[in-house]
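Input: a single structure, listed below in structure tokens.
A note on names: the letters A, B, ... follow the listed sequences, proteins ahead of strands, and every chain is numbered from 1.
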Number of protein chains: 2
Amino acid sequence: MTASDQRRRVETELRPGHDAAREVVATARERGDLVTVFGRCTVEYEGRASSYLGPGDRHVMLKPDGTVLVHTDEGQQPVNWQPPGCTHDATLANGQLEVRSERTTPEESIVVSFERVQQVSAFAMEDSSELSVSGTEADLKQRILDEPDLVEPGFTPLATERQTPAGAVDVYGEDAEGRVVVVELKRRRVGPDAVGQLDRYVQAVERDLHAESEVRGVLVAPSVTDRARTLLGEKGHGFVAATPDGE
Amino acid sequence: MTASDQRRRVETELRPGHDAAREVVATARERGDLVTVFGRCTVEYEGRASSYLGPGDRHVMLKPDGTVLVHTDEGQQPVNWQPPGCTHDATLANGQLEVRSERTTPEESIVVSFERVQQVSAFAMEDSSELSVSGTEADLKQRILDEPDLVEPGFTPLATERQTPAGAVDVYGEDAEGRVVVVELKRRRVGPDAVGQLDRYVQAVERDLHAESEVRGVLVAPSVTDRARTLLGEKGHGFVAATPDGE
DNA sequence: TTCTTCATCTCGAAA
DNA sequence: TTTCGAGGTGAAGAA
């Protein structure tokens with residue numbers, strides 16, 4: 001890395017005037033930098049819903065992909081945001097720095113108006129690493145395929161992601177007696193929604209097969225809630241305890 | 001605001017040594033500031049699942065409530081995170097700045113190891129404003145209660161959030177002929193899951209009432225997908241188009 | 001605590 | 001583009 005690149009990595013202005021802040025945002029945006037603006041602001045959002053946030057100190061992040069995130073000092077979720085694909089725009093309006101971000105389909109806009117900017121920064125970022133995660137539903141599926149007996153002795157997987165009119169079945173197979181078995185996988189403790197999902201698939205497969213034979217449903221997850229277990233009983237489906245990592 | 005307070009609002013160090021960065025993080029944490037660290041780092045996570053992220057430039061935010069957010073230059077969601085309630089800790093390990101955050105129930109930890117810190121900042125934040133949102137499911141409910149005829153002429157709401165063995169019914173009422181009607185509300189276009197939810201409630205109410213009379217189900221939402229509409233037909237439930245804002 | 005559902009959910013894959 | 005389900009979903013309210 002050259003000294004110039006090194007100098008370019010981060011650019012920060014403390015308590016800039018509104019026009020200086022606007023300038024930093026604009027040039028950073030051209031360079032494809034991630035920008036942060038910290039200061040006292042209000043936020044208006046209009047789109048899928050609409051919201052208004054009165055004055056307060058917030059940390060605003062503008063990503064080169066069009067993402068906007070407005071964070072207060074509490075909570076994991078941003079208090080306001082805009083998804084990737086938006087077009088940012090920083091202007092001076094009524095003597096304030098106004099950061100506006102818009103997109104279409106759906107039509108949405110967010111406007112952050114700063115009455116005071118405490119800090120504006122631009123970061124040049126390089127990131128070639130991909131996140132690798134384990135303990136997902138895909139891992140649980142692989143575990144079932146490797147050890148089908150986890151579902152029940154004699155279970156034979158025939159297909160994964162088998163399409164039905166109601167959606168894709170996680171694991172489709174047959175039991176020791178040759179009856180069709182529909183398996184729904186969940187990486188964590190399941191509630192009533194998962195039972196409904198399993199039941200939709202079972203019914204869809206029964207129609208698909210013209211109800212020539214009974215179709216069995218099995219939910220595979222680490223555990224079930226009481227209400228979900230009751231529903232499983234009502235629908236006549238089974239439950240098998242298993243985790244993605246193998247307990 | 002005093003000059004001292006003004007000076008305290010933001011504290012930033014550019015390309016600090018690892019120990020200087022650690023010091024900023026530690027003192028900021030004591031003062032209840034929000035901290036951001038930008039630099040080249042790796043991230044390890046272990047908990048409900050586990051993950052590893054190789055070296056790259058990222059923006060890390062530590063909130064005084066224990067939240068940790070690791071952002072790359074893409075996407076609305078952090079690539080790694082830790083929810084509120086965690087205990088942060090910044091140390092020097094192998095000559096690197098290591099930010100560690102842990103919590104219990106569930107046991108989870110994240111470790112961010114910086115090989116180079118480009119910027120560390122601490123922000124004192126005041127924010128007394130609450131976000132007000134409109135266009136939510138609660139708004140749709142109010143709209144139905146104000147104009148029950150939107151569901152159908154003669155519909156009479158009798159209760160909201162009425163408890164059943166399957167969960168709470170959004171709006172519970174009766175039609176012009178005195179038949180029980182279960183209404184499920186959605187603020188946006190619905191898929192098959194919403195039909196399953198409605199059907200669970202209808203079945204639960206039928207059991208509750210000992211099936212003395214037929215129970216009708218109505219889904220109220222802006223629109224419905226084809227598959228969901230088919231399911232509605234199969235289950236014998238109705239659909240009414242309505243938005244939280246009134247079209 | 002656990003359970004249940006909403007969310008401007010986001011995200012990715014497939015049709 | 002829309003649909004559908006996964007997600008370390010998070011967040012809120014109730015039991």
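- Distance check, rounded to the nearest 0.5 Å: OG1 of B/Thr164 to CZ of B/Arg207 gives 11.0 Å.
- The environment of B/Glu115 atom CD is dense: over 12 non-hydrogen atoms of other residues, nucleotides or ligands sit within 6.0 angstrom.
- Residue-level contact check: A/Asp226 touches neither bases nor backbone, having no heavy atom under 4.0 Å from any strand.
- Between A/Gln76 atom CD and D/dG8 atom P the separation is 11 Å, expressed in whole Å.
- Along DNA chain C, the nucleotide closest to A/Gly191 and the one closest to B/Glu137 are compared, and the more 5′ of them pairs with A/Gly191.
- The 5' end of DNA chain C is approached more closely, in terms of each residue's nearest nucleotide, by A/Val79 than by the other of A/Val79 and A/Pro84.
- A/Glu108 comes within 4.0 angstrom of a nucleotide base, judged by non-hydrogen atoms across all strands.
- In this structure, B/Lys186 atom NZ and D/dT3 atom P are separated by 17 Å, rounded to whole Å.
- Between D/dG8 and A/Thr136, no contact under 4.0 Å exists linking OP1 or OP2 to a side-chain N or O.
- Counting any heavy atom pair closer than 4.0 Å across all strands shown, A/Pro106 reaches no nucleic acid atom.
- One atom, CH2 of A/Trp81, and another, P of D/dA11, lie 11 Å apart when rounded to the nearest Å.
- Note: A/Phe123 and B/His59 have perpendicular aromatic rings, judged against thresholds of 30 and 60 degrees for the angle between ring planes.
- Per the geometry, CD belonging to A/Glu184 stands 10 Å off C1' belonging to D/dA6, to the nearest Å.
- Nearest to the side-chain atoms of B/Arg189 among the listed nucleotides D/dG8, D/dA11, D/dT3 stands D/dT3.
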Could you walk me through whether A/Asp65 and A/Thr67 pass the side chain to side chain donor-acceptor pair (under 3.5 Å) check? CA-CA 6 Å; A/Asp65 69 358; A/Thr67 301; 2.8 Å; yes
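- With rounding to whole Å, B/Asp193 atom CG is found 15 Å from D/dG7 atom C1'.
- In the model, A/Glu108 has a side-chain atom that pairs as donor or acceptor with a side-chain atom of A/Tyr45 under 3.5 Å.
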Output a table of nitrogen or oxygen pairs between the protein and nucleotides 13-15 of chain D separated by less than 3.5 Å.
none

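- Heavy-atom nearest nucleotides on DNA chain D were determined for B/Ala49 and for A/Gln77, and the one closer to the 5' end corresponds to B/Ala49.
- Comparing the same atom, C1', in D/dA14 and in C/dT8 gives a spacing of 25 Å after rounding to whole Å.
- Taking the P atom of each, D/dG7 and C/dA7 are spaced 22 Å apart, rounded to whole Å.
- Taking the P atoms as reference points, D/dG8 lies 23 Å from D/dC4, given to the whole Å.
- Regarding B/Gln82, its CD atom lies at a distance of 12 Å from the P atom of D/dT9, rounded to whole Å.
- Other residues, nucleotides and ligands contribute at most 12 non-hydrogen atoms within 6.0 Å of the CG atom of B/Asp226.
- Remark: C1' of D/dT9 and OH of B/Tyr45 are 11 Å apart, rounded to the nearest angstrom.
- Side-chain contact check for B/Ser223 and B/Arg189: at least one donor-acceptor pair (N or O, by modelled atom type) lies under 3.5 Å.
- Between A/Arg200 and the phosphate of D/dG5, there is a side-chain N or O to OP1/OP2 separation shorter than 4.0 Å.
- Close approach of DNA chain C to chain A, defined as any atom under 4.0 Å from a non-hydrogen atom of the protein, starts and stops at C/dC3 to C/dC11.
- Looking at B/Asp73, B/Leu69, B/Val112, B/Thr72 one by one, the single match for side chain to side chain contact (heavy atoms under 4.5 Å, CB included) with B/Arg58 turns out to be B/Thr72.
- Put simply, A/Arg187 has a side-chain N or O that comes within less than 4.0 Å of OP1 or OP2 on D/dT9.
- A/Glu161 has a carboxylate O that lies under 4.0 Å from a charged side-chain N of A/Lys141, or vice versa, which qualifies the two as a salt bridge.
- In this structure, B/Gln197 CD and B/Glu184 CD are separated by 4.0 Å, a value rounded to the nearest 0.5 Å.
- For B/Arg229 and D/dT2, the CZ to C1' distance is 16 Å, given to the nearest whole Å.
- Residue B/Ala194 is classed as having no contact, given no heavy-atom separation below 4.0 Å to the nucleic acid.
- Contacts of A/Ala228 with the nucleic acid, taken as non-hydrogen atoms under 4.0 Å apart, are absent.
- Among the protein residues, B/Gly75 comes within range of the sugar-phosphate backbone only, with heavy atoms under 4.0 Å from sugar or phosphate atoms but none that close to a base.
- Between A/Thr36 and B/Phe38 there is no side-chain heavy-atom pair separated by less than 4.5 Å.
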